[in-house]
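Atoms within a ligand are numbered from 1 in the order they appear, just like the ligands themselves.
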Amino acid sequence: MNGSLSRRLIQRTTALVALVTIVLTVFISLANFQILQQQLDGRLEAAAGRPSRSDSDNNPSGPADPAGSGLIRIDLFTGVGYKVMASPDGMTQSLAEQLLQLDAGAAPINVELPGLGYYRLLVRDFDRGRTVVALPYSDVTNPLYTQLIMSGLLTLGAILVSYLGTRQVVATSLRPLNRLAATANQVSALPLARGEGVVPVRVAAADANPETEVGQVGLALNLMLDNVESALAERHRSETKVRRFVADASHELRNPLASIRGYAELTRRSSEALPPDASHALARIEAESERMSALVQDLLLLARLDSEPTLDLRPTDLTEMVLNAVDDARAADRERHWSLNLPSEEVIANVDPHRMHQVIVNLLANARTHTPPGTHVEASLRKEDGWAVVAVTDDGPGVPTEIQDSVFERFTRADASRVRQAGGSSTGLGLAIVAAVVGAQGGQVGLESRPGNCRFTVRLPLA
Ligand SMILES: Nc1ncnc2c1ncn2[C@@H]1O[C@H](COP(=O)(O)OP(=O)(O)OP(=O)(O)O)[C@@H](O)[C@H]1O
Ligand SMILES: [Mg+2]
């Protein structure tokens, strides 16, 4: 019984029942009071019937209340004197005289008699005297108290029953709602961004019955999930189509490119002296077609990693791999200072050695192409909570802030003028390949960059 809705429902229902029973009790008690008092007044009227002249006995002529009823009756005959016809214990003569002095009224009144408590009293004048009759008011209050106690107990009972009943009903009727929430939570935990977009979770048929309010929500949730599923499937289909297209196109481009490069080479070899213009053009054709081959190679690799990441995962020593890659970089570039920071133990991770080598080479190549000569570059490797962490840090200008968020996306690169200034050819696919390869191996990539300190990190699960 958690959640504010059920608490509110229970509280409000119980409060409503309490209010209704209390109002009912008040009205019933008022009515009961009226009835009891009218009955008492009726008995008073009856007891105040005409007195008989015969003063020999104690019996008034009117219908008398039975003995022990607490009736007081005093008859006064003008010029003769008064006589107490009926009285309870404790009635005194002075009290009787006092009562005879009271102002006569048509209606009964309430009086407190010393030593006797509250009485309902009626004074009747007649031609030769007056009669005073009184009956104990407890005839009204006692039954009223009993009734009030009974009603109070009933009210408490009704509140308790309604509390327990509503609790039960609310719990039962909200249970399907909890099941809907559980289903929604299950869906939100699904990795929908990947895969074919199958949503294998639905609200059970019993909770999707449109004849109940909760069922309507359940049905709407199921329809929404159907819709999401078909949208995801559609997206997956079109993505697959695009990927296949890119893969096919890259593949088909390789042959004509190889031909262009082959013919260019052939032309250079076969003719002894080309005019300088033609020789320059030929050099450009060779350079650009080489660049395009590399680009096509990258695109093909990315398309493959997207659709069917066929990686050859095996436990590999990363220490050796980093060491070799830095040696190669040092040999290729003598203008920067290359250093290593390797652990003494070996670090074995489950990776595709060929692709992982490419990752490190790409990071080192970036440190070479996007920094000025004289930059210090450090490649490091360490173990950290179950991860192998490879980091390439340089003290160059850093990745421009405007592309830092998207630097691992395809074709993200600093603006062309800066690249040309650095004298490099840049496609913006290098880090996308890094991210795709590392992701396919179950790892993560990261970047921290500010001028003078630019660090790319790759985390891979240890074998
Ligand atoms: N070490 C670095 N220092 C400064 N900027 C960097 C560094 N590494 C990457 N960058 C920036 O990130 C961009 C993207 O890098 P990425 O490797 O993806 O592409 P690229 O190097 O431009 O082209 P290529 O596909 O040939 O690698 C670069 O263009 C560069 O602006
Ligand atoms: Mg690069």
Taking atom [atom1] of [X] as the centre, does the number of heavy atoms from other residues, nucleotides or ligands within less than 6.0 Å exceed 12?
X    : atom1 : answer
R12  : CZ    : no
E320 : CD    : no
N185 : CG    : yes
H337 : NE2   : yes

**OP:** Report the residues that fulfil salt bridge (charged side-chain N to carboxylate O under 4.0 Å, His left out) with R336, sequence neighbours left out, ordered by chain and then residue number.
**Re:** D333

Which of the ligand 1 atoms, numbered from 1, are nearer than 4.0 Å to a heavy atom of [X]:
X    : answer
V407 : 12 (O)
T412 : 13 (C), 14 (C)
D394 : 1 (N), 2 (C)
R413 : 13 (C), 22 (O), 29 (O)

Original post:
Are R330 and D328 close enough, and set up right, to give a salt bridge (charged side-chain N to carboxylate O under 4.0 Å, His left out), and what steps lead you there?
Top reply: CA-CA 5 Å; R330 195 180 282 136; D328 293 350; over 6 Å; no

Regarding [X] and [Y], do their side chains bring together a donor and an acceptor under 3.5 Å, going by distance alone?
X    : Y    : result
R202 : N222 : no
Y137 : Q37  : yes
R355 : Q358 : yes
R261 : S293 : yes

**OP:** Give a yes or no on whether the backbone of P210 and the side-chain of Q216 come within a donor-acceptor separation of less than 3.5 Å.
**Re:** yes

Original post:
Taking the side chain from S138 and the backbone from T141, do they hold a donor-acceptor pair closer than 3.5 Å?
Top reply: no

Just distances here: any N/O of [X] and N/O of ligand 1 closer than 3.5 Å?
X    : value
D298 : no
P400 : no
G428 : yes

Original post:
How about the Mg ion (ligand 2), which protein N, O or S atoms come within less than 2.8 Å?
Top reply: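 You should have found N366 OD1.
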
Could a heavy atom of [X] be found less than 4.0 Å from some atom of ligand 1?
X    : answer
V399 : yes
I403 : yes
F456 : yes

Original post:
Of the choices A367, G398, A414, S449, which has the non-hydrogen atom that lies closest to atom 31 (O) of ligand 1?
Top reply: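 Answer by nearest heavy atom: A414.
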
Original post:
Out of N366, T375, I433, who gets a non-hydrogen atom closest to atom 8 (N) of ligand 1?
Top reply: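 Among N366, T375, I433, the closest heavy atom to atom 8 (N) of ligand 1 comes from N366.
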
Original post:
Given that the side chain starts at C-beta and the backbone is N, CA, C, O, which of these parts of T369 lies under 4.0 Å from ligand 1, counting heavy atoms, or is it both or neither?
Top reply: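 It is neither part, as no heavy atom is under 4.0 Å.
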
